[in-house]
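These values consider heavy atoms only, across backbone and side chains, with no hydrogens, waters or symmetry-generated copies. Numbering of residues begins at 1 and proceeds along the displayed sequence.
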Amino acid sequence: MNNIREQIKNKKKIVVKIGSSSLQHSETGDLDYIRLEKLVRELCDISNQGKEVVLVTSGAIAVGKKAVNLKTIEGQTQAEAMAVKQACSAIGQARLMMAYQKLFSEYNHVAAQILMTKNTIVDNLNRYNAHNTFTQLLKMGVIPIVNENDTVATYEIEIGDNDTLSAIVAALIDADLLILLSDIDGLYTDDPRQNPDAEFIEQVDELTDEFMNMGKASTGSNVGTGGMNTKMIAAKIATSSDVDMIIANSRDIGVLHRLLEGENEGTLFVAHRDESFDLPEFVQNLHKN
Ligand SMILES: Nc1ncnc2c1ncn2[C@@H]1O[C@H](COP(=O)(O)OP(=O)(O)O)[C@@H](O)[C@H]1O
Ligand SMILES: N[C@@H](CCC(=O)OP(=O)(O)O)C(=O)O
């Protein structure tokens with residue numbers, strides 16, 4: 001077992017992000033309750049080991065769309081499409097939380113909801129309050145469940161994807177490890193769905209431009225928002241903030257405990273604190289380049 005993987009065993013404060021594509025059945029778009037149940041059981045067990053856990057979950061818009069039987073939002077103006085998306089997220093977020101609350105309470109754990117926007121980080125008072133709320137919840141042994149507040153977040157104040165959001169949360173709370181659960185094993189030299197010669201990368205010691213560009217090949221699945229590009233932005237935020245990050249496949253949710261036992265799965269991005277990295281400034285400038 002490699003030494004850096006071995007050290008993953010000692011990580012205490014862990015943020016786990018799961019994407020929409022991992023929570024839905026691809027054929028129907030309905031929630032995959034078995035996977036959701038396994039995810040909650042894993043998270044409760046991590047918490048039972050005395051670690052602190054935060055879940056960043058996508059899925060609100062997809063679940064909301066399904067609830068009102070909306071197939072597509074094509075043929076509408078941008079403003080109408082935005083309103084429909086925001087309405088769906090309002091419907092879906094409540095449903096998603098209902099499912100999580102039920103499952104967490106079955107394992108005798110308390111979950112809480114935190115909805116964030118860019119302003120939560122950029123505004124000093126908001127950031128201070130969010131930090132305190134996370135700290136207090138973790139102190140109480142509660143598992144915070146985070147999503148973007150899509151119902152109010154227009155382009156100017158939206159983070160836009162939950163890969164980035166989860167890294168922001170990890171940086172905000174000084175987490176030790178961020179795990180992104182995706183529909184792919186980790187980072188490849190190119191999108192393996194487009195390029196059969198793409199090679200798997202086990203570990204990224206330094207996030208050079210070469211790695212940052214590997215995510216730009218495609219936008220990913222049709223339900224996911226960011227593809228690999230936003231995962232590279234997440235890696236930049238996390239590693240610069242001294243948080244190790246792993247991308248792993250959600251196909252088998254048991255990967256969570258295997259990773260925390262130091263097993264070599266997924267792609268590990270090794271943390272390197274960058275003293276010049278300024279989280280509020282970075283978030284303020286998101287989408288500007
Ligand atoms: N270099 C790359 N390595 C791995 N996957 C990539 C790469 N470039 C693009 N992708 C695509 O990104 C997808 C994962 O992102 P996404 O669809 O947002 O899923 P999720 O929401 O589950 O994280 C993969 O299924 C893959 O097709
Ligand atoms: N906040 C949105 C999800 C945004 C997002 O990043 O989705 P994904 O690429 O599936 O992680 C929602 O809950 O529907």
Side-chain angles (χ1 to χ4, degrees), residues 14-26 28-40 42-43 53-67 70 73 82 84-101 103-104 111-118 120 143-153 157-170 178-184 215 218-235 237-238 245-251 253 255-256 286-287:
I14 296 140
V15 177
V16 176
K17 182 257 169 177
I18 188 147
S20 317
S21 61
S22 304
L23 291 172
Q24 289 175 274
H25 286 287
S26 54
T28 61
D30 282 316
L31 272 179
D32 183 338
Y33 284 118
I34 294 188
R35 194 154 331 161
L36 208 63
E37 209 258 317
K38 283 185 181 156
L39 171 70
V40 170
E42 286 278 336
L43 296 177
V53 196
V54 174
L55 171 66
V56 177
T57 182
S58 307
I61 297 170
V63 169
K65 264 184 169 173
K66 200 64 204 174
L70 205 75
I73 47 177
M82 171 68 101
V84 171
K85 204 179 106 176
Q86 292 183 315
C88 287
S89 80
I91 299 162
Q93 181 65 28
R95 290 204 158 205
L96 198 58
M97 281 310 292
M98 219 160 65
Y100 277 121
Q101 289 287 15
L103 293 168
F104 275 106
Q113 171 181 266
I114 299 188
L115 298 178
M116 296 172 61
T117 64
K118 216 171 175 179
T120 315
I143 299 175
I145 301 182
V146 186
N147 198 354
E148 180 149 25
N149 195 351
D150 295 309
T151 56
V152 298
I157 63 158
E158 77 170 14
I159 294 162
D161 72 274
N162 279 1
D163 296 321
T164 310
L165 175 65
S166 63
I168 290 170
V169 168
L178 167 63
I179 301 175
L180 301 183
L181 292 175
S182 185
D183 61 355
I184 196 103
S218 89
T219 51
S221 66
N222 46 14
V223 282
T225 305
M228 206 38 69
N229 193 22
T230 51
K231 287 173 185 51
M232 291 303 105
I233 295 169
I237 298 170
M245 183 180 114
I246 298 174
I247 302 174
N249 204 320
S250 67
R251 190 177 40 230
I253 295 283
V255 71
L256 282 177
L286 270 175
H287 314 305

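Taken from CG in N249 to CD1 in I184, the straight-line distance is 7.5 Å, to the nearest 0.5 Å. The CG atom of L70 sits 11.5 Å away from the CD1 atom of I61 when rounded to the nearest 0.5 Å. Atom CG in L36 sits 7.0 Å away from atom CG in L96 (nearest 0.5 Å). The structure places CG of L115 at 9.5 Å from CD of E148, a figure rounded to the nearest 0.5 Å. One distance of note links CD of Q93 with CD1 of I145; it measures 9.0 Å at 0.5 Å rounding. Distance check: S166 OG to I18 CD1 gives 12.0 Å after rounding to the nearest 0.5 Å.
Contact record, S182 with I247: CB-CG2, 4.3 Å, taken as the closest heavy-atom pair. Shortest non-hydrogen contact noted between A167 and A238 is CB-N, 4.2 Å. The two atoms that bring K118 and L286 nearest to each other are NZ-O, 3.6 Å, heavy atoms only. Across every non-hydrogen atom of M97 and Q113, the tightest pair is CG-OE1, 3.1 Å. In plain terms, the two heavy atoms of A234 and M245 that are nearest each other are C-SD, 3.8 Å. A pairwise comparison of heavy atoms in S58 and L23 identifies O-CD1, 3.2 Å as the closest pair.
With sequence neighbours excluded, the residues that form a side chain to side chain contact (heavy atoms under 4.5 Å, CB included) with A90 are T151.
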Chi angles and distances behind the side chain to side chain contact (heavy atoms under 4.5 Å, CB included) call for L178, L180: CA-CA 7 Å; L178 167 63; L180 301 183; 4.0 Å; yes
I179 and V255: CA distance, side-chain angles, deciding distance, side chain to side chain contact (heavy atoms under 4.5 Å, CB included) verdict: CA-CA 10 Å; I179 301 175; V255 71; over 6 Å; no
Verdict with reasoning, Y33 to L103, per side chain to side chain contact (heavy atoms under 4.5 Å, CB included): CA-CA 10 Å; Y33 284 118; L103 293 168; 5.5 Å; no
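For K66 (side chain) and L31 (main-chain N/O), no donor-acceptor pair under 3.5 Å exists by modelled atom type.
When side chains are defined from C-beta on, E42 does not count as touching V16, because their heavy atoms never get closer than 4.5 Å. Contact annotation: the side chain of V40 never approaches that of I143 to less than 4.5 Å [non-hydrogen atoms, C-beta and beyond]. Side-chain contact between T120 and N149 is absent, with no heavy-atom pair separated by less than 4.5 Å.
Among D163, T164, D161, the single residue meeting the side chain to side chain donor-acceptor pair (under 3.5 Å) criterion with K231 is D163. Test T230, N147, T57 against N162 for side chain to side chain donor-acceptor pair (under 3.5 Å) and you get one pass: N147.
Side chains of D150 and S89: a donor-acceptor N/O pair is absent below 3.5 angstrom, by distance only.
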